[in-house]
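To start, the structure itself, in structure tokens.
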Amino acid sequence: MISQFKNIKKYVTHVAFINEKGDYVIEPQFEDAEPFEDGYAYVMKTSFTLRGKKTEYGYIDKTGEMVIPGKEPYQSKFAANGLAVACINK
């Protein structure tokens, strides 16, 4: 079982995933994350480059690899039918 843990340092919150012993399974690197369900967790990760701020959304697997990139900041977990809700601001 993978649990969710928030590590707060200098006003920055990063979400990691830990095992029952409290060891990191996936290092703190996400600004937001949902719990794993059916092998995937929805996450938000921001990085800064010379071109500015880049925010990525999507689904990671249990190794922390982004396996399904998201296009919208608000998406739900996948339902039993394989679909997820995406809120689009137009």
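If you read the sequence from its start, that first residue is 1, and numbering goes on from there.
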*Who are the side chain to side chain donor-acceptor pair (under 3.5 Å) partners of Q29, not counting sequence neighbours?*
K45
*Provide the closest heavy-atom pair for Y24 versus I18 in the form atom of the first, atom of the second, distance.*
CD2-CG2, 3.7 Å
*Given E31 and H14, is the side-chain contact (heavy atoms from CB on, under 4.5 Å) satisfied, shown in steps?*
CA-CA 5 Å; E31 281 71 38; H14 286 91; 3.7 Å; yes
*asked:* Restricting to side chain to side chain donor-acceptor pair (under 3.5 Å), what partner residues turn up for T55, sequence neighbours left out?
replied: T46
*For V43, which of E56, M66, E34 qualifies under side chain to side chain contact (heavy atoms under 4.5 Å, CB included)?*
M66
*Using the ring of each side chain (for Trp, its six-membered ring), is Y42 parallel, tilted or perpendicular to Y57, with breaks at 30° and 60°?*
parallel
_Under the rule for side chain to side chain contact (heavy atoms under 4.5 Å, CB included), what residues qualify as partners of T49, not counting sequence neighbours?_
R51
*F17 side, atom CZ; E27 side, atom CD - distance, nearest 0.5 Å*: 12.5 Å
*asked:* Minimum heavy-atom separation for D61 and I26, please, with both atom names.
replied: O-CD1, 3.9 Å
